[in-house]
Amino acid sequence: KTLCLAILWHTPGTRLFGVLHSLNMACSAFKAMMLSIPMASLAFLLAGCSHSPTPSPTPAPAPPSERHYAREDGQLKTQAQFQQAYGSRSTTEWGATPEEKRIAQDVKAYSMKEFQQYYGAAAWVRNWNVARIATQMHTAKDGQNYTIKEFLDYYKNTWPEQWKSTIEIPCRECCGGINHADCDLRFKFCTWKTSCVMRAVEGRQASSSTSTTTSASTFD
């Protein structure tokens, strides 16, 4: 606007009307050009945003392999490892040996199939992978409670059959749904409040997915 007035001041009167008309058109064009710059820039930016790639969803973790405790050493092994170790007897051995169990958020032990039912198809793999391996226990014929490792140590090669013929009790780390006396027996893992709950110890919920052995001690 200042530029337009300056030009008018130095223009002779005979050409004033023509110059005025030309300047009016020039100023209008200049104003339109200046207003169009931000809009064009905005359109360019919006066009860039509309073509931004959509992030790919995180792939679901692969389902883990079911594992059983092997007869000769009490180690957790997959069905493929049973096949390699036992050959034609692998199916029989697989059916004779106990399966791995892990501890869910209710502080009870569940097999892999039971984990799927407990957490559902969308969440069971993630929860299984971070859950602690349960130290399973049975009450033997002498009335005492023993782990798989202790059955193996005592019964040697016949421990799977002896295990199946005895009574399962809550695992050594299982605090959910047990009475006060059983809770006190699991004092390293559980504590009694209004019910038996997991003791707050750092790392207690840590994953044991890489471990393949069972503890040899009972309630120690």
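Residues take their numbers from the sequence shown, with the count starting at 1.
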Peer 1: Hey, is Lys101 close enough to Glu99 for a salt bridge, meaning N to O under 4.0 Å?
Peer 2: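 The answer is no: the pair does not qualify as a salt bridge.
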
Peer 1: For residues Thr158 and Tyr155, report the shortest heavy-atom separation together with the two atoms involved.
Peer 2: OG1-O, 3.0 Å

Peer 1: What's the spacing between Gln75 CD and Tyr69 OH if we round to 0.5 Å?
Peer 2: 9.5 Å

Peer 1: Hey, are the side chains of Arg67 and Ile133 touching, using non-hydrogen atoms and a 4.5 Å cut-off?
Peer 2: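 Answer yes - side chains close enough.
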
Peer 1: What are the two closest heavy atoms between Ala62 and Val125, and how far apart are they?
Peer 2: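 Distance-wise, the nearest heavy atoms are O-CG1, 3.6 Å.
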
Peer 1: Are Phe189 and Ile178 connected in a single hydrophobic cluster, I mean Ile/Leu/Val/Met/Phe/Trp/Tyr linked by side-chain heavy atoms less than 4.5 Å apart?
Peer 2: no

Peer 1: Tell me whether the rings of Phe115 and Trp128 are parallel (<30°), tilted (30 to 60°) or perpendicular (>60°).
Peer 2: perpendicular

Peer 1: Salt bridge or not for Lys108 and Glu173, using N-O below 4.0 Å?
Peer 2: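 Answer for the salt bridge query: no.
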
Peer 1: Identify the heavy atoms of Gly74 and Leu152 that sit nearest to each other, and give their distance.
Peer 2: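 So the minimum-distance heavy-atom pair works out to N-CD2, 3.7 Å.
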
Peer 1: Within this structure, what is the CD-CD distance for the pair Gln83 and Gln81, rounded to the nearest 0.5 Å?
Peer 2: 12.0 Å

Peer 1: Taking only residues two or more places apart in sequence, or in another chain, which ones meet Tyr154 in a ring pair (Phe, Tyr, Trp, His ring centres under 6.0 Å)?
Peer 2: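 By the ring pair (Phe, Tyr, Trp, His ring centres under 6.0 Å) rule, Tyr154 matches no residue at all.
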
Peer 1: To the nearest 0.5 Å, what is the distance between NE2 on His138 and OG on Ser165?
Peer 2: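 One gets 9.5 Å once the value is rounded to the nearest 0.5 Å.
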
Peer 1: Could you go through Tyr110 and Arg102, starting from their C-alpha distance and side-chain angles, then the distance that decides it, and tell me whether this counts as side chain to side chain contact (heavy atoms under 4.5 Å, CB included)?
Peer 2: CA-CA 5 Å; Tyr110 296 99; Arg102 297 199 176 192; over 6 Å; no

Peer 1: What are the two closest heavy atoms between Glu161 and Asn157, and how far apart are they?
Peer 2: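 It is OE1-O, 4.2 Å.
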
Peer 1: To the nearest 0.5 Å, what is the distance between CH2 (Trp124) and CE (Met112)?
Peer 2: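 Answer rounded to 0.5 Å: 4.5 Å.
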
Peer 1: Measuring from atom OG of Ser90 to atom NZ of Lys77, what distance do you get when rounded to the nearest 0.5 angstrom?
Peer 2: 12.5 Å

Peer 1: Carefully, step by step, assess Ile103 and Cys171 under the rule side chain to side chain contact (heavy atoms under 4.5 Å, CB included).
Peer 2: CA-CA 9 Å; Ile103 301 171; Cys171 74; 4.1 Å; yes

Peer 1: What distance do Thr97 atom OG1 and Leu76 atom CG have between them, rounded to the nearest 0.5 Å?
Peer 2: 9.5 Å

Peer 1: Can you name the closest pair of heavy atoms from Ala104 and Tyr118 and give their distance?
Peer 2: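 Nearest pair, atom of Ala104 first, then Tyr118: CB-CE2, 4.0 Å.
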
Peer 1: Kindly give the heavy-atom pair with the smallest separation between Lys164 and Gly95, and that separation in Å.
Peer 2: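 Distance-wise, the nearest heavy atoms are NZ-O, 2.6 Å.
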
Peer 1: Has Gln117 got a side-chain atom pairing as donor or acceptor with Glu114's backbone, closer than 3.5 angstrom?
Peer 2: no

Peer 1: Are there more than 12 heavy atoms of other residues, nucleotides or ligands under 6.0 Å from atom CD of Gln84?
Peer 2: no

Peer 1: So do Cys196 and Cys183 have their SG atoms closer than 2.5 Å?
Peer 2: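 In this structure, Cys196 and Cys183 share a disulfide.
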
Peer 1: Do Ile148 and Trp159 make a side-chain contact, defined as non-hydrogen atoms from C-beta onward lying under 4.5 Å apart?
Peer 2: yes

Peer 1: Honestly curious: do Leu185 and Trp192 fall in one hydrophobic cluster under the side-chain, below-4.5 Å linking rule?
Peer 2: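 Cluster IDs for Leu185 and Trp192 differ.
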
Peer 1: Are Glu93 and Arg71 ion-paired here, with the side-chain N under 4.0 Å from a carboxylate O?
Peer 2: yes

Peer 1: Under a plain distance cut-off of 3.5 Å, with no hydrogens placed, do Glu72 and Tyr86 share a side-chain donor-acceptor pair?
Peer 2: yes

Peer 1: With a 4.5 Å limit on heavy-atom distance, are the side chains of Thr139 and Thr166 in contact?
Peer 2: no

Peer 1: Would you say the ring centroid of Phe151 lies under 6.0 angstrom from that of Trp163?
Peer 2: yes

